[in-house]
Amino acid sequence: MVPARPRERILSTATELFRQEGIAAVGVNRIIADADVAPMTLYRQFGSKDGLVAATLEQWGTGWLHLLAEALDRRGDDPQDRFEGLWDALEEWFSSDGFRGSYIANAATELRSEPDHPAHAIIAAHRQALRQLLEDLAKLAGAYDAAVLAAQLQVLIDGATAAAAVDRDPAAAHGARALASAAITSASR
C-alpha cells in the first residue's frame, strides 16, 4: 500500500483527532507527530491551525453530504423512497462505530466565541449545501413551499443528530423520521 501524501495524512489525522477530542484539545505538535510530517509541511500546506481546522471541516462536510446524496440517488426518483433513503442513511450513521454527532455542529459550537475564525465560512457553506439538498428533495416531492420544508427537515436532522450523539441512541432517527413524514405530508397538501 502506498502511504498517503503528507497533505492527506495531515488532513485525515487532524480530522480524526479534532472530531474525537475537540479542536482546542489537540495541538499542532500532536498532529505533526501522528501524521509523521515535518512542522513546515503543515504550515506550508495550511498556513496555521485555523487554516487546518477549516480544511478538515470542508473535507468532512463534503464527504458527509456526498454520502447523503448517494443514499438518495440509490433510491431512484420516487420522492418518498428518497426521503426514506435519507433517514436510513442517518440511522446507519448514528449506529456507526465512533459516532460523535456532526463534526460541523460540534466545531460550530466550539468555535462560537471566535467569530473571525475561517471555519465559520466553511460551516455556513455546509449548512447551505445541506439546505439545498433538502430543498431539491422537497421540490421533487411537490412541496408548495420547498424552502420552508427544507428548513423544517434540517432542524429535524440537526435535532436527531444531537440526540443520537448525546443519548448514544441511534433510535433518535425513528422519532425524527415520523415528524419529517408529517411535515412532508403537510407541505404537499
Q: Apply side chain to side chain contact (heavy atoms under 4.5 Å, CB included) to Ala129 and list each qualifying residue two or more places apart in sequence or on a separate chain.
A: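 Per chain and number, Ala129 pairs via side chain to side chain contact (heavy atoms under 4.5 Å, CB included) with Leu65.
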For Val155, what residues pass the side chain to side chain contact (heavy atoms under 4.5 Å, CB included) criterion, not counting sequence neighbours?
->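 Residues passing side chain to side chain contact (heavy atoms under 4.5 Å, CB included) with Val155: none at all.
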Residues that Arg131 engages under side-chain hydrogen bond (donor to acceptor under 3.5 Å, both in side chains), provided they are two or more places apart: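 Once residues adjacent in sequence are excluded, the partners of Arg131 under the side-chain hydrogen bond (donor to acceptor under 3.5 Å, both in side chains) criterion are Gln154.
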* Asked: Which residues satisfy the side-chain hydrogen bond (donor to acceptor under 3.5 Å, both in side chains) test with Asp73, sequence neighbours excluded?
  ->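 Expected list: Arg82.
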Where at least one partner belongs to residues 100-114, residue pairs that pass salt bridge (Lys or Arg N to Asp or Glu O under 4.0 Å), sequence neighbours excluded: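 The answer is none; no pair qualifies.
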First locate atom [atom1] of [X], then atom [atom2] of [Y], and finally report the distance between them rounded to the nearest 0.5 Å.
X: Ile32; Y: Leu42; atom1: CD1; atom2: CG; answer: 5.0 Å
X: Ser186; Y: Gln152; atom1: OG; atom2: CD; answer: 7.5 Å
X: Gln128; Y: Ile123; atom1: CD; atom2: CD1; answer: 14.5 Å
X: Glu70; Y: Leu72; atom1: CD; atom2: CG; answer: 10.0 Å
X: Asp145; Y: Glu135; atom1: CG; atom2: CD; answer: 8.0 Å
X: Ile157; Y: Leu130; atom1: CD1; atom2: CG; answer: 5.0 Å

Taking all non-hydrogen atoms of both residues, which atom of [X] and which atom of [Y] are closest, and how far apart?
X: Gly101; Y: Asn106; result: C-ND2, 4.2 Å
X: Pro79; Y: Leu140; result: CG-O, 3.4 Å
X: Ser113; Y: Pro115; result: O-CD, 3.3 Å

For residues 55-63, tabulate all N or O donor-acceptor pairs below 3.5 Å that involve a side-chain atom, not counting sequence neighbours.
| residue | atom | partner | partner atom | Å |
| --- | --- | --- | --- | --- |
| Thr56 | OG1 | Val53 | O | 2.7 |
| Thr56 | OG1 | Tyr103 | OH | 2.7 |
| Thr62 | OG1 | Glu58 | O | 2.8 |

In the structure I gave you, are the side-chain heavy atoms of [X] and [Y] within less than 4.5 Å of one another anywhere?
X: Asp88; Y: Trp93; answer: no
X: Ile23; Y: Lys49; answer: yes
X: Leu156; Y: Trp87; answer: yes
X: Leu68; Y: Leu90; answer: yes
X: Leu133; Y: Leu137; answer: no

_Tell me every residue that passes salt bridge (charged side-chain N to carboxylate O under 4.0 Å, His left out) with Glu91, counting only those two or more places apart in sequence or in another chain._
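Result, salt bridge (charged side-chain N to carboxylate O under 4.0 Å, His left out) vs Glu91: Arg177.
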Margin query: Are there over 12 heavy-atom neighbours, none belonging to Gln132, within less than 6.0 Å of that residue's CD?
Written below: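 More than 12 heavy atoms, drawn from other residues, nucleotides or ligands, come within 6.0 Å of this atom.
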What side chain to side chain donor-acceptor pair (under 3.5 Å) pairs are there with at least one residue in residues 117-127, not counting sequence neighbours?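 Of all non-adjacent pairs touching residues 117-127, those that pass side chain to side chain donor-acceptor pair (under 3.5 Å) are Asp50-His117, Arg127-Asp158.
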key: Qualifying side chain to side chain donor-acceptor pair (under 3.5 Å) pairs, either residue in residues 28-44, two or more places apart   =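 The answer is Glu21-Arg30.
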Contacts of Phe94 that satisfy ring pair (Phe, Tyr, Trp, His ring centres under 6.0 Å) - sequence neighbours left out: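 Once residues adjacent in sequence are excluded, the partners of Phe94 under the ring pair (Phe, Tyr, Trp, His ring centres under 6.0 Å) criterion are Phe99.
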Throw together a table of side-chain donor-acceptor distances under 3.5 angstrom for residues 164-173, partners on residues two or more places apart or in other chains.
| residue | atom | partner | partner atom | Å |
| --- | --- | --- | --- | --- |
| Asp169 | OD1 | Ala171 | N | 3.0 |

Salt bridge check, Glu16 against Arg19: does any charged N sit closer than 4.0 Å to a carboxylate O?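 Here Arg19 pairs with Glu16 in a salt bridge, since their nearest N and O are under 4.0 Å apart.
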Please determine whether side-chain contact (heavy atoms from CB on, under 4.5 Å) holds for the pair Leu11 and Phe46, giving the CA-CA distance in whole Å, both sets of side-chain angles, and the decisive distance to 0.1 Å. CA-CA 10 Å; Leu11 266 175; Phe46 302 100; 3.8 Å; yes
